[in-house]
Undergrad: 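Quick one: structure below, then a few questions.
On a predicted model such as this, the values are computed, not experimentally measured, just so you know. Sequential numbering from 1 along the given sequence is applied to the chain's residues. Below, each value reflects all heavy atoms present in this structure, side chains not excepted, and no hydrogens, waters or symmetry copies. Note that ligands are numbered from 1 as they come in the structure, with each ligand's atoms numbered from 1 the same way.
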Amino acid sequence: MSRIIGVSTAERIATGLVEDHKLVGKLRLRDEDQADEPLFSTPPAGIAECLADEVAAVSQGTKIDAVGIGMPGIIRDCIIEDSPNLRQLKGVNMKELMELALRARGIPAPAFIHNDADVLAAGLAATHGQLDRMIRVWTLGHGIGFGIYPPRPGIWEGGHVVVSLDPRERYCGCGGVGHLEGIMGHRAMRLRFLDMEPDEVFENAQKRDQRCVEFVKLWHRALAAATANSIHLAGPGKFYISGFNARHLELNLLNQYVHEMVKMSPLQSYVFEAVPSSDEDAVIGAAVSAAQSLATA
Ligand SMILES: [Zn+2]
């Protein structure tokens, strides 16, 4: 049985030992508020050092077969091709940096880097007994992530699909016009409503503030549009919705909008499930993804 350490960097750094798709022992959490330096202002080698410290703390000198890490951005063959929310990582060979940092701590295991939303999809598939079928996940956080399991060749930057033709929709972190993240992303919502926090926007919509009511409709329509596009390209199926802003989701409204957008009968069997943000699912997914990379390496 392989012993793999999974690391999630989604909302905070979480690290755990995974055997046979299950977490062994406790999850180790790094508190971002108490860390010396937040991740977004740390250079790539520093990020690798920090993650390797977490891995070393969990492995405690025992033998490890691989390390799997979920990170934001377009990641192919463990190289971060772009990462709008961690810009310093653009073009970085994170596998190389990570393995260097691990060796310095006496850990000779190979490291595998995957997109954080794909890692969460793998984790949800593993913990929900769905490793035999296709699942997709939207992560509603600072940015918008889109993960797909099993992994398939391609880019799959679902958070940046175009859901609006309005040229004024330009709040996306990547700079693109009309993107899903430009409407739903936490950072984008703060840019749009300079006078209130995203949580207040949703609260004020409940109190019938018209500007907020309209925005909450747009927010749901945007996710419906992106999902409908995915259904028309890859077929129906299960869509999980996670991330800290998933708490604002009204599934009835989302279903109503998708129903208006998807009319062909073979495409009707889609299902949404909101899942609480779980470091554990992400850590397990990072390990599952690493195990699959290890098997095909
Ligand atoms: Zn974008």
Undergrad: Is any side-chain N of the basic residue among Asp77 and Lys95 closer than 4.0 Å to the acidic one's carboxylate O?
TA: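 No.
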Undergrad: Please give the remaining members of the hydrophobic cluster of Ile155, linking ILVMFWY side chains under 4.5 Å, ordered by chain and number.
TA: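 The other cluster members (ILVMFWY side chains, heavy atoms under 4.5 Å, direct or chained) are Ile74.
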Undergrad: Taking 2.8 Å as the distance threshold, tell me the number of protein N/O/S atoms next to the Zn ion (ligand 1).
TA: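 For the Zn ion (ligand 1), the figure is 4.
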Undergrad: Using 0.5 Å steps for rounding, measure from the NE2 atom of His186 to the CG atom of Leu191.
TA: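 Result: 11.0 Å between the selected atoms.
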Undergrad: Just do the side-chain contact (heavy atoms from CB on, under 4.5 Å) check on Met184 and Leu223 with the steps written out, would you?
TA: CA-CA 8 Å; Met184 294 196 84; Leu223 185 59; 3.6 Å; yes
Undergrad: Applying ring-ring contact (aromatic ring centres under 6.0 Å, His included), name anything that partners His21, two or more places apart in sequence or on another chain.
TA: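 For His21 there are no ring-ring contact (aromatic ring centres under 6.0 Å, His included) partners, ignoring immediate neighbours.
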Undergrad: Would you mind listing every side-chain hydrogen bond (donor to acceptor under 3.5 Å, both in side chains) that reaches into residues 114-132, with sequence neighbours excluded?
TA: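 The answer is His114-Ser293, Thr127-Asp281.
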